[in-house]
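To keep things clear, I will list the structure first and then write my remarks on it.
As the structure lists them, so they are numbered: ligands from 1, and atoms in each ligand from 1.
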Amino acid sequence: MPRAKKLRVGVLVSGRGSNLQAIIDAGEAGKLDAAVVVVVSDVADAYALERARNHSIADVFVDPKAPASREAFDEELISVLTKHQVDLVCLAGYMRVLSPRFINHFHHRIMNIHPALLPSFPGLHVQREALRHGVRFSGCTVHFADEGVDTGPIIIQAVVPVFDDDTEEALAARILKYEHQVYPRAIQLFAEGRLEVKERRVFCKGSEAERAVREGWGYIQP
Ligand code: GAR
């Protein structure tokens, strides 16, 4: 069900922004009922900001050293996102834990992407841990953010195999290709109003969307 008005997406980043790029590209290709309206970084020279500028999207650096506290920093983020009338906040390689105030302000309107099959391997050094544990499959997860680190109700996942000769870099690169597919897809499901959160599970309304999510739970081909 296409929306009359496009969903306004604000993206929080800390680094290179390849997921941001995938979301921008999907929007520009007409695959999303959503558009990125602002990109906010806590790192002044994050390449993601340049990507935003390349597409004439507002880019904002919020200096984490300036505000007195994490709460004050998050207040600034809220005010930037509110100024841009953001409906959905997407964390795309944003490496800070959000305050309860931020999470409550955008309740179930914040998504995060993580390069593992959560709840396995949250946090940092994800591929190193996956290889250390000898898992046969890894992948990526898009979930609604809550107050934890890489926790919160799971929206969509993609699975990739882990090979015996994998390095951290090789596994990360294999997963990243799927990140770029599942994030725009999760945003589109949200834009269509099809995601419903009950306790810590996400249900997808509508048979077509349910099929999409079910595919997401399996192995997504490029
Ligand atoms: C992505 O792999 C994303 O899943 C990960 O950071 C990378 C950012 O890449 N996020 C996390 O680990 C969150 N815990 P990008 O800047 O190229 O999108």
Which is it for Asp150 and ligand 1 at heavy atoms under 4.0 Å: side chain, backbone, both or neither? side chain
Shortest protein contact, atom 16 (O) of ligand 1 (heavy atom only): Gly17 N, 2.8 Å
State the atoms of ligand 1, each with its element, that fall below the 4.0 Å cut-off from a heavy-atom position in Gly93. 6 (O), 8 (C)
Run His125 and Glu168 through side chain to side chain donor-acceptor pair (under 3.5 Å) and show every step you take. CA-CA 9 Å; His125 310 302; Glu168 287 179 45; 5.8 Å; no
Given His84, which of Thr82, Val80, Leu81 fulfils the side chain to side chain contact (heavy atoms under 4.5 Å, CB included) condition? Val80
Side chain or backbone, does Met95 bring an N or O within less than 3.5 Å of an N or O on ligand 1? no
Backbone of Arg8 reached by a side-chain donor or acceptor of Asp87 within 3.5 Å: yes
Considering only protein heavy atoms, which is closest to atom 5 (C) of ligand 1, and at what distance to one decimal place? Pro115 CD, 3.8 Å
Output the list of atoms in ligand 1 that are nearer than 4.0 Å to some heavy atom of Ile113, sorted by atom number. 3 (C), 4 (O), 10 (N), 11 (C), 13 (C)
Hey, is the main chain of Ala72 close enough, under 3.5 Å, to the side chain of Ser69 for a donor-acceptor pair? yes
If the contact criterion is a heavy-atom separation under 4.0 Å, does Gln21 count as touching ligand 1? no
Hey, which atoms in ligand 1 end up nearer than 4.0 Å to a heavy atom of Ser18? 15 (P), 16 (O), 17 (O), 18 (O)
Arg51 side chain to Gly17 backbone, donor-acceptor under 3.5 Å: yes
Any N or O of Glu179 that comes nearer than 3.5 Å to an N or O of ligand 1? yes
Closest heavy-atom contact between Ala186 and Ile155? CB-CG2, 4.0 Å
Among all protein heavy atoms in this structure, tell me which lies nearest to atom 9 (O) of ligand 1, with the distance rounded to 0.1 Å. Arg16 NH2, 3.3 Å
Arg96 to Phe73 six-membered ring, cation-pi geometry met (6.0 Å, 45°): yes
